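Structure, as structure tokens:
Computed from a predicted structure; not experimentally measured. Just so you know, ligand 1 is whichever comes first in the structure, and atom 1 is the first atom listed for that ligand.
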Amino acid sequence: MQNDDQFIASGEPKSSIEKASFTWEAPSNIALIKYWGKTEPQLPKNASLSFTLSQSKTITTVSFTKLERPYETVDFTLYFDQVKQESFRPKIATFFKRIAQYIPFIHEYSLVIHTKNTFPHSSGIASSASGMAALALCIMQLEKALNPSLSEVYFNQKASFLARLGSGSASRSIEGPLVLWGKHDRIPQSSDAYAIKIPNAIAPIFSTYKDRILLVDKGEKQVSSTVGHELMVDHPYAEARFTQANKNLSSLLDAMETGNLARFIHLVELEALSLHAMMMTSSPYFMLMKPNTLAIIHHIWQFRANTNLHLCFTLDAGANVHLLYPENETEQIDAFINDKLLSFCQNKHYICDNVGFGARQLP
Ligand code: DP6
């Protein structure tokens with residue numbers, strides 16, 4: 001049972017603030033063990049594990065101005081890339097509705113939100129994880145300004161908790177490099193309510209891992225995550241999938257603690273294909289890979305068989321391919337990617353990223 005009451009901001013603020021402005025950048029993340037299936041309110045059906053990224057991120061500034069009298073809902077204006085964005089309003093309004101009970105002080109302020117991403121909007125890369133995380137962090141910064149005694153642990157946990165209520169995977173975009181969201185037997189402090197940084201030491205090779213994102217399809221997602229998660233509700237294989245994910249998570253942590261790259265590769269690819277298998281076998285069914293996604297996968301397998309190098313792939317709920325590999329193999333693997341794989345990308349576009357260490361406040 002969750003105790004979400006711990007996240008309700010306590011009564012009277014210790015200090016009074018008329019005007020404040022905070023900027024945070026929050027990274028995107030790539031799941032190694034996938035979250036696919038949830039219950040209200042945004043609780044995962046299985047634990048998930050992700051690498052935090054470093055280059056793909058959202059930068060958000062929120063300016064708070066105290067109102068003369070409290071506003072019933074949350075008073076906000078949103079600018080994306082300097083342009084006022086009405087189309088993003090409903091999602092943010094729903095987010096505020098969900099989190100307002102935990103941040104009652106928010107009703108006393110008018111918010112102007114400026115947000116931008118370091119990756120192109122039409123890249124097929126979802127910005128909900130980094131976007132919700134950056135917004136949650138700006139709000140937490142106001143809470144911290146009102147109550148300066150908040151601990152760092154509480155700050156991060158509540159930021160993750162709030163971000164989760166906006167988008168499940170956003171809970172994993174606060175810290176890094178390896179983050180767990182969802183209760184899992186192996187890690188006693190894990191929780192369905194928020195994500196935590198993996199406390200156990202992982203082999204150093206993973207903290208400099210590369211992620212090259214091949215943009216096979218830059219269009220709108222064919223299946224939104226909301227629809228996707230719903231497809232798991234009556235899915236005939238759902239229970240087996242949730243059990244499999246939790247088991248894979250345990251095995252993956254073993255592999256990452258011992259630096260077993262072969263096992264890491266096996267489990268990461270198994271997770272990606274299992275996620276897509278769930279979508280191929282739901283009703284209605286979806287095929288989110290494109291012919292070029294499959295071509296890339298086959299080339300990777302062939303390359304591995306030929307070279308014994310440690311290049312592997314993972315997939316989100318779409319056609320783009322994340323290529324994961326250790327930094328010390330960059331030279332040969334980059335040459336192979338440039339030579340053989342870029343032709344499968346839309347306009348040869350890709351994003352170079354690597355494992356990162358979490359969100360940070362900007363001056
Ligand atoms: C396939 O976090 O986008 O990327 O909670 O509805 O916002 P909501 O879903 P979202 O789902 C992410 C699904 C995934 C796997 C993952 O990141 O774990």
Side-chain angles (χ1 to χ4, degrees), residues 26-53 56 58 88 90-92 94-95 97-99 119 123-136 160-174 176 178-182 184 190 192-195 211 213 217 220-233 235 238 241-242 244-246 248-249 252 267-280 282 286-289 293 313-322 324 353:
S28 186
N29 68 75
I30 178 65
L32 305 172
I33 302 292
K34 309 291 180 181
Y35 146 61
W36 201 241
K38 63 177 169 181
T39 51
E40 277 296 319
Q42 293 276 96
L43 295 170
K45 285 293 213 168
N46 61 262
S48 57
L49 186 74
S50 54
F51 270 148
T52 304
L53 297 181
S56 308
T58 299
F88 291 2
K91 201 165 179 188
I92 305 294
T94 307
F95 175 52
K97 218 165 154 184
R98 278 200 177 145
I99 66 172
F119 45 92
S123 60
I125 302 291
S127 60
S128 59
S130 51
M132 291 297 178
L135 185 53
S160 172
F161 170 85
L162 296 176
R164 178 202 109 224
L165 291 168
S167 178
S169 53
S171 66
R172 300 188 311 239
S173 274
I174 306 294
L178 187 64
V179 175
L180 169 70
W181 171 40
H184 194 281
S190 61
D192 282 347
Y194 51 84
D211 179 6
I213 311 165
D217 183 7
E220 275 283 303
K221 275 190 183 177
Q222 207 189 110
V223 183
S224 70
S225 9
T226 310
V227 170
H229 288 288
E230 264 167 31
L231 290 172
M232 290 300 280
V233 174
H235 198 297
R241 164 62 198 151
F242 304 141
Q244 177 208 30
N246 283 327
N248 284 347
L249 199 153
L252 187 63
L267 291 161
V268 166
E269 294 188 347
L270 174 61
E271 274 293 306
L273 295 178
S274 300
L275 168 72
H276 280 253
M278 295 316 287
M279 283 178 277
M280 285 184 219
S282 57
F286 292 96
M287 166 61 78
L288 302 185
M289 288 188 227
T293 314
F313 70 87
T314 188
L315 307 165
D316 266 338
N320 295 335
V321 184
H322 286 251
L324 301 176
D353 216 323

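- Ring pair W181/Y194: centre-to-centre distance not below 6.0 Å.
- A heavy-atom cutoff of 4.0 Å around ligand 1 is satisfied by the protein residues A31, K34, Y35, W36, K38, Q42, S167, G168, S169, R172, S225, H229, L275, D316, A317.
- Judged by distance alone, the side chains of T314 and E271 never bring a donor and an acceptor atom under 3.5 Å apart.
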Chi angles and distances behind the side-chain contact (heavy atoms from CB on, under 4.5 Å) call for L231, F286: CA-CA 10 Å; L231 290 172; F286 292 96; 3.6 Å; yes
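- When the side-chain hydrogen bond (donor to acceptor under 3.5 Å, both in side chains) test is applied to N246, no partner is found at least two apart in sequence or on another chain.
- Using modelled atom types and a 3.5 Å distance limit, the side chains of T58 and S130 yield a donor-acceptor pair.
- A side chain to side chain contact (heavy atoms under 4.5 Å, CB included) with L270 holds for exactly one of I33, L275, L252, N248; it is N248.
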